[in-house]
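In what follows, a single structure is set out as structure tokens and then discussed.
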Amino acid sequence: MSFVQNLKCNNHKALSLFVTVGYPTLETTIPLVVELASAGADIIELGIPFSDPIADGPTIQISSETALRNGVTLKKTLDIAEEIRKQSQVPLVLMGYANPIYAFGLSRFLDRCTNIGIDGVIIPDLALEESDEYRRLAQERNISTIFLAAPTTPDERLKQLDDASTGFLYCVSITGVTGERKGIADQAEEFLYRARKCVKKNPLLVGFGISTPEDAKHLGKLSDGVIIGSAFIKALRNASKAHVIERAVEFVKPFRLALDSAE
Amino acid sequence: MNFKINTLPDDQGHFGKYGGRFVPETLMPALNDLEHAYMKLKHDSTFQRELQELLRDYAGRPTPLYFAKRLSEKYDKAKIYLKREDLCHTGAHKINNTIGQILLAKHLGKTRIIAETGAGQHGVATATVAAKMGLKCIVYMGTEDMERQAINVKRMELLGAEVRPVNAGTGTLKDAINEALRDWVTNVHDTFYVIGSVVGPHPYPMIVRDFQSVIGKETRQQILEREKRLPNYLVACVGGGSNSLGLFYEFLNDDVKMIGVEAAGFGISTGKHAATLSAGSPGVLHGSYSYVLQDDDGQITPAHSVSAGLDYPGVGPEHSYLKDTGRVQYVSVTDDEALNAGLELTRIEGILPALESAHALAYLKQLMPKTPNDEIVVVNLSGRGEKDLTTIMKSVDKH
């Protein structure tokens, strides 16, 4: 049973937080993740920074640039994940672009993930068609492969993405890059109804553009959970250095409440 | 050669292990649509007639194959011919591709055109054809490039295009492509992304190559008429690689040596260069698997070249394949070598080449002494140099 199905069993809506590793500082990431888990996050997505993040809007782009300036590499990301795992059993999903992972070596990367106890990996620019070798290696090691599905994805392809995914299916709420937007819930509705019909195997988590607890509640009713990225990163950006973790916990709580009321 | 090297890509868009599609899921259906539309229109006589007419009457094709007599005499070795893509409408080979892609856009019912540009030549060519076809056009351009190619920025604006500055990263072509891809992800329903080189996700490397292969087709016919034989060498500069592949493609199965000249910037050993094939390694950038300039962590490293059109840390996947198979030899020349070669051509042939094309010319200094007198060298003069006047004058003043 996948880590998300575990959550789903209790009719619990998953709350996943995206954290750019090394943002705002290298030292904050470990306590940040541990505290987020205590504050009600069900899954943490650890974002591996990349120089050319084509699926990301300005907020995550800036966080990636900062993280790279702070010296974050894929190797360092894995070291930090290892440390987190010693302190928390929260499901950990790595999210990063293909090139750093290819440069590290697929087997070497997935072996490290296994040893650390990483639950799944999302590679937003690894299309289904290019993923055969990766999926085989990940499956051998029991690491979940999470594909993204978009409103532009046709029904037939939604089914293929469902087949190929082994943790959850990441439903992109709108056609666009990451970043907060107004009125996201209404725009995503139609796609989520369609995804519900086509996707049989995996839980559906919805992300991109969700910025308010109201969005989360609305979309939580139509899915198995939500993913918050840019809005969260922005909250961290606006917090003073000494209060980053406090601010993060403050940010998460209303989302947790909103999702609990969507069950 | 037993197997035809020019039958690629395969149906997944691979050239050997290179190419493919590494893009966000949102774009996958659009790429599939584009591929299907292109495969159909490729053999559609109406589409082809429209394309041929525009290439002839609007772009000004065929371009001459010019025997550079005084340049040849200077070396007193093989004969040097220049394929005069600089004489195309808008001043470079780029328009061959933009005419083709904007025709495709029209057939797909797209009303909004986006493009990236480095030197501004592709941006100008896209803005030009968009103006002619009455389509809205947005061009992404790095802020550093906007400064060094200011004239082309003005040209695009006069043509009615909106030039959007890209500040992120290094403010050059790489970042302009990132931003264009983000725009496309957001507006894919009404927008066609006109990619300017043989890069990007499948089917772009194939489509751009096919539209540019008119360069090689004409060259073959022209040299056979003039010399009754094929050339011994083809030489072209390589940034993303569209003018070189456009020249090479028609000759891949012939006994013709091909040399792609990359930008060595300040010199490969300085780390400030754009010689992706000569000094890079395979990786994923802008939607395909190909050689890239990257550090040990897989972060893309900034390129450098005096020529904005070559200042790119990636290269088309078919070039990566042609390198690994040994079919094409890739070499590099420095900023200074290119500047000098450009000035030389201006003085002895009265042709001011683009700094990009000047890289191909600069390699003649190494190649020509090795060529016997009865051989023929064709250099692709991919663009004209007016856009580079500021850079060239700065360098003249310095020396």
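Worth knowing before you read on, the calculation uses all heavy atoms, side chains too, and leaves out hydrogens, waters and symmetry mates.
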Once ring pair (Phe, Tyr, Trp, His ring centres under 6.0 Å) is applied, what residue pairs with a partner in residues 54-75 of chain A remain, sequence neighbours excluded?
none
So which part of A:L68 gets closer than 4.5 Å to some heavy atom of chain B, the side chain, the backbone, both or neither?
side chain
Is the closest side-chain heavy-atom distance between B:P24 and A:L148 below 4.5 Å?
no
Quick one: donor-acceptor pairs under 3.5 angstrom, chain A versus chain B?
from	atom 1	to	atom 2	distance (Å)
A:P49	O	B:Q299	NE2	3.1
A:S51	N	B:Q299	OE1	2.8
A:S51	OG	B:I300	N	2.9
A:D52	OD1	B:K174	NZ	3.2
A:D52	OD2	B:K174	NZ	2.8
A:D52	OD2	B:N178	ND2	2.8
A:P53	O	B:R182	NE	3.3
A:P53	O	B:R182	NH2	2.9
A:D56	O	B:R182	NE	2.9
A:L74	N	B:D297	OD1	2.8
A:N99	OD1	B:V284	N	2.7
A:N99	ND2	B:Q294	OE1	2.9
A:N99	ND2	B:G298	O	2.8
A:D125	O	B:V23	N	3.3
A:E130	OE1	B:H14	NE2	3.0
A:E130	OE2	B:H14	NE2	3.0
A:E130	OE2	B:R21	N	2.9
A:T152	OG1	B:T26	O	2.8
A:T153	OG1	B:E25	OE2	3.0
A:R157	NE	B:E25	OE1	3.3
A:R157	NE	B:E25	OE2	2.8
A:R157	NH2	B:E25	OE1	3.0

Chain A contact via B:L285 - side chain, backbone, both or neither, heavy atoms under 4.5 Å
side chain
Can you sort out the partners of A:E140 under salt bridge (Lys or Arg N to Asp or Glu O under 4.0 Å), two or more places apart, ordered by chain and number?
A:R136
Does anything in residues 197-206 of chain B pair up under salt bridge (Lys or Arg N to Asp or Glu O under 4.0 Å), and if so which pairs, sequence neighbours excluded?
none
For A:L161, which atoms come within 4.5 Å of any heavy atom of chain B: side chain, backbone, both, or neither?
side chain
Looking only at heavy atoms, the pair that brings A:A103 and B:G298 closest together is CB-CA, 3.6 Å
Against chain B, work out which of A:A127, A:G176, A:P49 has the most heavy-atom pairs shorter than 4.5 Å and name it.
A:G176
